[in-house]
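Report on one structure; see the data block that follows.
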Amino acid sequence: MQKFAVFISGNGSNLQAIIDSVANGEIKAELSLVISSTDKAFGLKRAEKAGIKTLVFSPDNYTNRQSVDRDIVIALKEHKIDFLVLAGYMRLLTPYFIKEYPNKIINVHPSLLPSFKGAHGIKDAFTYGVKQTGVTVHFVNEKMDNGPIILQDTVKINEEDTLETLEAKIHRVEHRIYPQAVVLMADQRLKVKGRRVTILEKPEVKAENSQ
Ligand code: GAR
């Protein structure tokens with residue numbers, strides 16, 4: 001079984017959806033580690049309640065981004081982590097980190113990428129006045145909110161919507177589609193070619209003794 005880690009910085013509601021999905025057997029992989037960029041993240045309490053090991057790597061204790069990432073990578077290797085799930089982790093990973101886990105890091109973003117990148121995807125879409133926004137799950141590359149797209153789903157913005165009602169709608173969609181993407185990672189059913197991601201019916205079997 002594959003092992004994975006979830007990265008958080010805050011509430012951890014997506015982490016909770018993933019914990020629940022592991023518990024009910026949909027995600028067939030072991031959630032071995034939750035990593036947070038701050039000890040204030042409520043998500044740490046969710047992880048502890050579920051009996052999952054937590055580690056905090058606060059940037060305040062480091063002089064540069066790469067040294068934070070280097071220590072995180074050491075911890076990931078120690079725990080033999082196969083893939084990484086960013087869930088509201090509000091830090092940009094260094095190229096060094098991403099090269100260690102090519103096509104093994106996924107992220108959820110609360111807009112239809114490539115629109116409304118950044119830390120305020122829901123608010124920016126609401127303020128812009130779009131009639132539809134949504135949720136994107138994508139692989140992580142060196143650029144922010146830029147990697148190949150795995151899943152997307154739309155959310156309509158109606159006249160009656162406020163920022164708060166829109167946030168609630170977006171989170172509902174996130175909690176539905178992010179665990180689905182983790183299932184695809186766990187089952188090794190994602191194939192990346194350039195910017196295109198194909199969902200395979202079955203995992204690719206690597207030929208043994210192929211020369
Ligand atoms: C989620 O809405 C996620 O899409 C967003 O942070 C929130 C975390 O909520 N991520 C980004 O904006 C990344 N650019 P959670 O801590 O309750 O899962």
Side-chain angles (χ1 to χ4, degrees), residues 4-23 27 31 33-50 52 54-59 65 69 72 83-94 97-98 101 105-128 130 132-157 161-183 185:
F4 72 105
V6 176
F7 284 55
I8 59 167
S9 297
N11 179 19
S13 68
N14 281 285
L15 165 66
Q16 189 65 57
I18 292 164
I19 289 173
D20 295 347
S21 194
V22 171
I27 295 174
L31 173 42
L33 203 55
V34 168
I35 289 182
S36 176
S37 58
T38 161
D39 59 8
K40 310 242 169 357
F42 181 69
L44 288 170
K45 292 207 169 56
R46 299 179 189 269
E48 281 154 20
K49 197 171 166 206
I52 300 159
T54 60
L55 292 174
V56 176
F57 292 91
S58 167
R65 284 170 59 217
D69 282 5
I72 297 176
F83 67 91
L84 318 179
V85 175
L86 310 188
Y89 185 66
M90 291 308 193
R91 289 181 58 77
L92 208 56
L93 302 182
T94 55
F97 192 143
I98 291 160
Y101 289 93
I105 312 173
I106 64 172
N107 182 43
V108 64
H109 183 77
S111 76
L112 289 178
L113 290 174
S115 292
F116 309 114
K117 295 179 180 187
H120 309 285
I122 306 175
K123 189 170 172 218
D124 291 347
F126 186 75
T127 310
Y128 196 90
V130 291
Q132 285 201 66
T133 179
V135 173
T136 304
V137 180
H138 63 93
F139 282 106
V140 172
N141 65 11
E142 276 90 351
K143 294 186 196 148
M144 188 182 59
D145 301 328
N146 175 267
I149 290 171
I150 300 167
L151 296 175
Q152 278 186 315
D153 208 348
T154 55
V155 170
K156 281 204 166 68
I157 304 179
D161 272 316
T162 61
L163 180 56
E164 289 70 34
T165 62
L166 178 60
E167 278 169 352
K169 285 194 210 173
I170 292 278
H171 292 315
R172 268 202 299 279
V173 173
E174 288 185 329
H175 301 161
R176 176 167 51 79
I177 75 168
Y178 208 19
Q180 288 172 3
V182 180
V183 167
M185 286 298 284

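Note that this is a predicted model, so its numbers are computed, not measured. Just follow the structure's listing: the first ligand is 1, and inside any ligand the first atom is 1.
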No-hydrogen, no-angle side-chain donor-acceptor test under 3.5 Å, [X] and [Y]:
X: H109; Y: S111; result: yes
X: S13; Y: H171; result: no
X: S9; Y: S37; result: yes

_Winner among R46, M90, H109 once heavy atoms are compared against atom 14 (N) of ligand 1_ =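 Minimum heavy-atom distance to atom 14 (N) of ligand 1 goes to H109.
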
*Does at least one non-hydrogen atom of V108 fall below 4.0 angstrom from an atom of ligand 1?*
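Yes; V108 lies near enough to ligand 1 that a heavy-atom distance drops under 4.0 Å.
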
*G118 near ligand 1, heavy-atom distance under 4.0 Å?*
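Yes; G118 lies near enough to ligand 1 that a heavy-atom distance drops under 4.0 Å.
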
In the protein, which heavy atom is nearest to [atom], and how far is it?
atom: atom 16 (O) of ligand 1; result: G12 N, 2.7 Å
atom: atom 17 (O) of ligand 1; result: S13 OG, 2.6 Å
atom: atom 7 (C) of ligand 1; result: G88 CA, 4.3 Å
atom: atom 5 (C) of ligand 1; result: P110 CD, 3.9 Å
atom: atom 9 (O) of ligand 1; result: N14 ND2, 4.0 Å

*Would you please test K156 and D161 for salt bridge (charged side-chain N to carboxylate O under 4.0 Å, His left out) and show each step?*
CA-CA 9 Å; K156 281 204 166 68; D161 272 316; over 6 Å; no

*In terms of atom number and element, which parts of ligand 1 are under 4.0 angstrom from non-hydrogen atoms of H171?*
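Atoms satisfying the 4.0 Å criterion: 2 (O).
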
*Find all atoms of ligand 1 within a distance of less than 4.0 Å from any non-hydrogen atom belonging to E174, and give their numbers and elements.*
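Contacts of ligand 1 toward E174, numbered from 1: 1 (C), 2 (O), 3 (C), 4 (O).
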
*Before accepting this row, confirm whether a basic side-chain N of the pair R176/D153 lies closer than 4.0 Å to the acidic partner's carboxylate O.*
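So R176 pairs with D153 through a salt bridge.
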
_To the nearest 0.5 Å, what is the distance between CZ on F4 and CG on L31?_
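Spacing of CZ (F4) from CG (L31) equals 4.5 Å.
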
*Atom CG of L166 and atom CD1 of I157: how far apart are they, to the nearest 0.5 Å?*
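L166 CG to I157 CD1: 4.5 Å, rounded to 0.5 Å.
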
*Side chain, backbone, both or neither: which part of H120 has a heavy atom under 4.0 Å from ligand 1?*
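It is neither; nothing of H120 touches ligand 1.
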
*asked:* Tell me the contacting part of D145 for ligand 1: side chain, backbone, both, or neither, using a 4.0 Å heavy-atom threshold, strictly below.
replied: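 Side chain only.
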
*asked:* Other residues, nucleotides and ligands only: do more than 12 of their heavy atoms fall within 6.0 Å of NZ on K123?
replied: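 For K123, atom NZ is not crowded (no more than 12 foreign heavy atoms under 6.0 Å).
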
